[in-house]
*Asks:* 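Can you read through this structure? Questions will come right after.
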Amino acid sequence: MGKHTIKVTVNGDAHESEVESRLLLVHFLRENLRLTGTHIGCDTTHCGACTVLLDGVPVKSCTVLAVQADGREVMTVEGLEKDGKLDPVQEGFYQEHGLQCGYCTPGMMMTSCALLKSNPDPTEADIRRAISGNLCRCTGYVNIVKSVQHAAAAARTRQQDARAGR
Amino acid sequence: MIPASFDYHSPKTLSEAIDLLGRYPDEAKVLSGGQSLLPLLKLRLGSAGHLVDIGRIPGLEYIREEGGYLKIGGRTRESALEASDLVRAKYPILADTAAVIADPLVRNMATVGGNLAHGDPANDHPATMLALGAGVVATGPKGERTIPIDEFFTGLFTTALSPDEILTEIRIPAPPARSGGAYMKLERKVGDFATAAAAAQVTLGGGGQIERAGIGLTNAGPTPVRATAAEQFLKGKKGDAAAIAEASRLAAQAASPSPDRRGAVEYKKEMARVLTARALAKAIARAQGA
Amino acid sequence: MATPRTSPEVGGMGHSIKRKEDPRFLRGKGNYVDDIQLPGMLHMDIVRSPFAHAKIVKIDPSKALKVPGVLAVITGETLKQYNLHWMPTLMSDTQMVLPVEKVMYQAQEVAAVIATDRYAAADGVEAVEVEYDPLPVVVDPFKALEPGAPVLRTDKPGKTDNRIFHWEVGDRQATERALAASDVVVKQDIYLPRIHVASIETCGCVADFDRVRGKLTVYMTTQAPHAIRTVIALVAGHVGLSEEKIRVVSPDIGGGFGGKVPVYPGYVIAIAASVVIGKPVKWVEDRMENLQADSFARDYHMTARLGAKKDGTMTALEIKTIADHGYADAAANPSKFPAGLFSICTGSYGFPNAFAEVDGVYTNKPPGGIAYRCSFRVTEAVHAIERMTDVLAQELKMDPADLRMKNFIPPEKFPYKSVLGWEYDSGNYPAALKKAMDIVGYADLRREQAAKRKRGELMGIGISSFTEIVGAGPSKQFDILGIKMFDSCELRVHPTGKATARFGTKSQGQGHETTYAQIIAEELGIPAAHVEVEEGDTDTAPYGLGTYASRSTPTAGAAGAIAARKVREKAKKIAAHLLEVSEDDLVWEVGKFSVKGAPQKSKTIQDIAFAAYTNHPQGMEAGLEAVDYYDPPNLTFPFGSYICVVDIDRGTGEVKVRRFVAVDDCGNIINPMIVDGQIHGGLTMGLAPALFEEITYDESGNIQGGSFMDYLLPTAMETPKWETDKTTTPSPHHPFGAKGVGESATVGAPPAIANAVVDALSHLGVRHIDIPITPEKVWNILKEKGVAE
Amino acid sequence: MALEITKTFTIDSPKADVWKFLTDPERVARCLPGAAITQKVDEKNYLGTITVKVGPVSASYKGKVRFETVDEASGTAEIVASGQDVKGKGGAEMRLKSLVVERSPGQTEVTATSVVNITGILAQLARGMILVLSDQIFQKFTEAMRKEVRKEGQ
């Protein structure tokens, strides 16, 4: 019942699809576009495994309809790496062992990216607060906090380098 | 977890949205942030034949002071409220509230209007709006009307909105000088509904006595609770420990919570008292600093 | 751990090399079960019972079959045709795949809907009409044991009660006598509630039966793919599924923690559906199904008595337990251990007398009794002894640290034979506790506490000095359904000196691809970067019992080292041939053999590998590979001392963990970075049941805590910043002295937290609080004691 | 989860009228918001439906109504209504015990005890709501009952 044609830009690529009204954004990404990096963990808006950026803002894609994303930009974990270079957040998680099973990781990283955009130099408390809608069962969060701090430092360095024309 | 089928509408104007609501009187539901509605549909606890998404109607997201009121557009997201300098500076009670609703990601979608219109006594804004003496602007086929917040919550999950009305604005009287407010919430973890929570807004007179007090309680009954006896008691009192203690005792008497995994009735009532006391103390301190 | 023997480039033991699995996870390129998409794949969704105990009067699929996209509805009657409606549990009990007569718990599988997509399947589930006739519900295991209680397992001929098993260990009479002769005996009821591992990925599978080849491939969230393959062959052999035609693939797994060891009905139904329909069938649980129907952990009602002399010397321990297993004993213990390794309950202390008994009971709850990130029933045992130690300290007015120091098994007594039959391989308990006390500043904290008490503020300090028992296990005692609990490695060194190593275990986040490579690197000097580790595919990996109970490093890790040593033995022969010397004249140093006294004459492992395929000695088999099935001579006994500091809000009863210091000893460490990560995670899964998580049932058998709304996983806000440190006491019998670490912290943390909260209230006469210690529980005590705000 | 609510109230009607009402399931159903009797099986057994709606949440139950006790002499009636959610999400059972006593001519005191037992998803997720709801329904029922009894009595 109720099909809609939607145009969504995902990781910079424009997609046009016909979808059912009730199709959840997370299923649109995972099944229609086969971008399976975004995971499903709880269905009730508690775990954040499905976090993606919708127009740059992190949201839980299991609680957003695909039709709501019509005309908007979505970024998923698959869009983080640019020109073969990991995003500072990915690099931070790698260096600081911010992931174990990897299941919450994409959502955790998307939230972290958004945090660093609005707050390039977050305190530990800022980070803990920002990721409090993302559950991790493996890491105990200590190394995730370090990963985001690592990413913040790396992003600052990259910016300085860019400014210095390096 | 997958919702049953429904049809989706994305009107571009308010009148189009209101028409749709009128066209499907028993079946249509307003989709604002969707953070309460979509989980209900996914759990298949509720159903809706038609969702009317008000997200594409321009002009429903704003926070501004105008004509002696703080006006918040119905579709204003919680995260916007949380980040607003105006709110932080002048309406700290609202900043307190926005910061403890669900979790940061949910707040990026959830809206202030939705939080009220859902009519859930466990939601956080109702108590705050009761304390602030807000008005709710409903827009329907006959135009706008303002519903005083005291008349807004009519029952469990039910409000004074008619099925073809949309909550378009919340109006909060701009607080006079020497006003302050606070919202204190006890939750089992981030993302949980309140075990108990209290909103307090006070205005102090020149001599430091309390001229006006507004107190609202979350999850303290089938509808959001306004602790009127406590408010009355505080009028003219100095905001000292004894007055706060008595007012919070009176506030707890107004609570009739249901037992659940968050706690038994006695605990919840006592938490209403403790949190009212803490919210009042903070509100008074803020008022003194204002 | 001493300085690493290998260079950072080789990355052997002791190097915190970055994880080899991370690049794919960081890019969203992991391959979890729900990511698998096969051509023509169908979706399965399950109709579940809203009743905890009810006769099934009728299942009417007609409306469901009219839902567009729905192809079939499978019921117990369907499976009964193939005699697949019941299946064995790992504990030799039986459980239903789909019911024919009655349901035994809320959320039990009743029927399965097969459809072309998951949306249609969900619609189909809602359209299946089931008529139930409710039966009396038994949720309380004590009531279940009363005479006249409804007998739940009416399927078992001659069963007249709800008892599953009685198990005991130790000398009952001697313990009773010793308790009677003790100066002081403390007694306490301790309940460890029902909890759920709640890995962020739920369980699921894609079953793909190829009719032409007669081959079944099942991609499955399983921690033990080989054992599962054998179980499938045993259960479904009679319908033509033969073990060599079954391939179980465990892809990337989003956390296991014990919850992905059992065989769930959903797997079996999906397999049956694929075999019958001839198309791939995917089934993935949602979160509520996961919490409500998958195996639970704990649910141990313990009563402990601890005897001591006036000076604090412990003399005897007795623990009696009622274990609520739900409607079937579906624990995943070694078969001869119905109560797992609960007999580790004498802990870190030198008891001369001890006795423990456990009675398993049926109730109308989901089946289980699995671990929650711990070795079999070890958390229960450790909680009991560590709580009782504090209860005794309080009774004797002794400092709990002093009491522990007094009773620790002394370092010189290892290997130590415990009164309940274990041989502790190694330990240095005083060193770990002393280190933790130094880091946390124990004496200062006690002074701070005293000052605060005078002001009416509540803070507490809790200690837990736990001993774990992991690495099951020696084949003389340990098997699952008869299969001995060895584990395995098959190592191949390729001509260019790179290696592929396959193991019988399966990582779920522990980082095996990295740590196993480091073991091979350590033993052979082949850089870890050039060792490819594979697990989880039964068509390629050697048989093993899987990853749980912290057994991977103690068993498969050991197999890896031994296989590498076998390769080294052969390499030595080849090196002798190449260098034209006798084997006795060769010495091994990292990555090469050289001639004694002539170190310039040497052959690297890479040279030797090449020669193994190009220039091997005549009469010797070509190639350089080895297989090892490692049968551990003993279990390993990791230990540690944790100290937790809490502050209590007198108004709300909230407990805030201010500090938590964890000193762990897991023997020699492969990768310190990964070990720290394991401990951080384990601590958080110790915090969770201590303060937040619990599943309960109301009198009608309605589950409470069946979604993340009420099953409270801690976020970064509730979780403290863990402080970790180590002592190193290598295992004397493990090939490289390691012990296993994934679960120590989950075992050790809850009593430290509970002890801290009780300590904060001990001056008010509080002696025990059952976990989870919720704000309401604390507040009720504060109110009763007249100190609530 | 079993919820017990007891209410005692007086109706300005003779005992016989009240009794007649309480033993007529169709009339009782009329006073329960959302309820209807769909079929009479025999004198003591009926089939019926009830739909409960609270804001966006709704549940429809289909089931049986049975008179367990009808003892006019002692003025006690016990009705058990049990049903299952039409979408398989749960079950509900209500046991309504009534004790009818004539206080004075034309004045009848009714003590009604309802024990509601809910199983399934609502009992998992909405315990607090069910409590409030049961109370509301019972309140509405007793109000409607006064009117219904008086109407029929007139």
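Lettering of chains follows the sequences in order, A, B, ..., and the numbering in each one begins at 1.
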*Asks:* Given the options A:Glu96, A:Met109, A:Gln95, which has more heavy-atom pairs under 4.5 Å with chain C than any of the others?
*Replies:* A:Gln95

*Asks:* As an exercise: rank A:Cys101, A:Gly37, A:Gly140, A:Cys42 by heavy-atom pairs under 4.5 Å with chain C and give me the winner.
*Replies:* A:Cys101

*Asks:* Chain A: which of C:Ile679, C:Val284, C:Leu687, C:Val197 shares the most heavy-atom pairs with it under 4.5 Å?
*Replies:* C:Val197

*Asks:* Please state whether the side chain, the backbone, both or neither of C:Ala198 comes within less than 4.5 Å of a heavy atom of chain A.
*Replies:* both

*Asks:* Are the charged groups of A:Arg128 and A:Glu124 less than 4.0 angstrom apart, N to O?
*Replies:* yes

*Asks:* Salt-bridged, A:Asp121 to A:Arg156, with N to O below 4.0 Å?
*Replies:* yes

*Asks:* Which one wins on heavy-atom pair count under 4.5 Å against chain C: A:Arg34, A:Glu91, A:His39?
*Replies:* A:Arg34

*Asks:* Check whether C:Glu21 gets within reach of chain A through its side chain, its backbone, both or neither, counting any heavy atom under 4.5 Å.
*Replies:* neither

*Asks:* At what distance, to the nearest 0.5 angstrom, does CD of A:Glu18 lie from CG of A:Asn32?
*Replies:* 11.0 Å

*Asks:* So what's closer than 4.5 Å to chain A heavy atoms on C:Thr684: side chain, backbone, both or neither?
*Replies:* side chain

*Asks:* Are any of the side-chain nitrogens in C:Asp123 or A:Arg22 under 4.0 Å away from the carboxylate oxygens of its partner?
*Replies:* yes

*Asks:* For C:Asp35, is it the side chain, the backbone, both or neither that has a heavy atom under 4.5 Å from a heavy atom of chain A?
*Replies:* both

*Asks:* Check for me whether the distance between the ring centres of C:Tyr372 and C:His196 falls short of 6.0 Å.
*Replies:* no

*Asks:* Below 4.5 Å, heavy-atom pairs only: which of C:Leu683, C:Asp34, C:Asn290, C:Asp676 has the largest tally toward chain A?
*Replies:* C:Asp34

*Asks:* Between C:Glu201 and A:Arg137, is the closest basic N to carboxylate O distance under 4.0 Å?
*Replies:* no

*Asks:* What residue in C:Pro714, C:Gly511, C:Ser199 has the most heavy-atom pairs under 4.5 Å with chain A?
*Replies:* C:Pro714

*Asks:* Please rank A:Leu99, A:Val77, A:Thr38, A:Asp43 by heavy-atom pairs under 4.5 Å with chain C and give me the top one.
*Replies:* A:Leu99

*Asks:* What part of C:Arg24 gets closer than 4.5 Å to chain A, counting heavy atoms only: side chain, backbone, both or neither?
*Replies:* neither

*Asks:* Give, as side chain, backbone, both or neither, the part of A:Leu86 having an atom under 4.5 angstrom from any heavy atom of chain C.
*Replies:* side chain

*Asks:* Under a 4.5 Å heavy-atom cut-off, does chain A meet the side chain of C:Lys721, its backbone, both or neither?
*Replies:* both

*Asks:* Can you tell me which portion of A:Glu78 sits under 4.5 Å from chain C's heavy atoms? Options are side chain, backbone, both or neither.
*Replies:* both

*Asks:* Identify which of A:Gly98, A:Gly41, A:Cys136, A:Gly79 forms the greatest number of heavy-atom pairs closer than 4.5 Å to chain C.
*Replies:* A:Gly41

*Asks:* Is it true that, when you exclude C:Lys18 itself, more than 12 heavy atoms of the residues, nucleotides or ligands shown sit nearer than 6.0 Å to its NZ?
*Replies:* yes

*Asks:* Non-hydrogen atoms of chain C under 4.5 Å away: do they reach the side chain of A:Thr44, the backbone, both or neither?
*Replies:* side chain

*Asks:* For chain C, which of A:Val145, A:Thr105, A:Asn143 has the most heavy-atom pairs under 4.5 Å?
*Replies:* A:Asn143

*Asks:* If you round to the nearest 0.5 Å, how far is CG of A:Asp87 from CZ of A:Arg158?
*Replies:* 6.5 Å

*Asks:* Counting heavy-atom pairs under 4.5 Å with chain A, which one of C:Trp722, C:Tyr32, C:Phe257 comes out on top?
*Replies:* C:Tyr32

*Asks:* Between C:Met685, C:Gln508, C:Arg19, which has the largest tally of heavy atom pairs under 4.5 Å with chain A?
*Replies:* C:Arg19

*Asks:* Salt-bridge test for C:Glu743 and C:Arg373: reply yes if a basic N is under 4.0 Å from a carboxylate O, no otherwise.
*Replies:* no

*Asks:* Any Lys/Arg nitrogen of C:Arg48 or C:Glu289 sitting under 4.0 Å from an Asp/Glu carboxylate oxygen of the other?
*Replies:* yes

*Asks:* Looking only at the side chains, is there a donor atom on one of C:Glu535 and C:His512 sitting less than 3.5 Å from an acceptor on the other?
*Replies:* yes

*Asks:* Strictly under 6.0 Å, is that where the ring centroids of C:Tyr119 and A:His27 end up?
*Replies:* yes

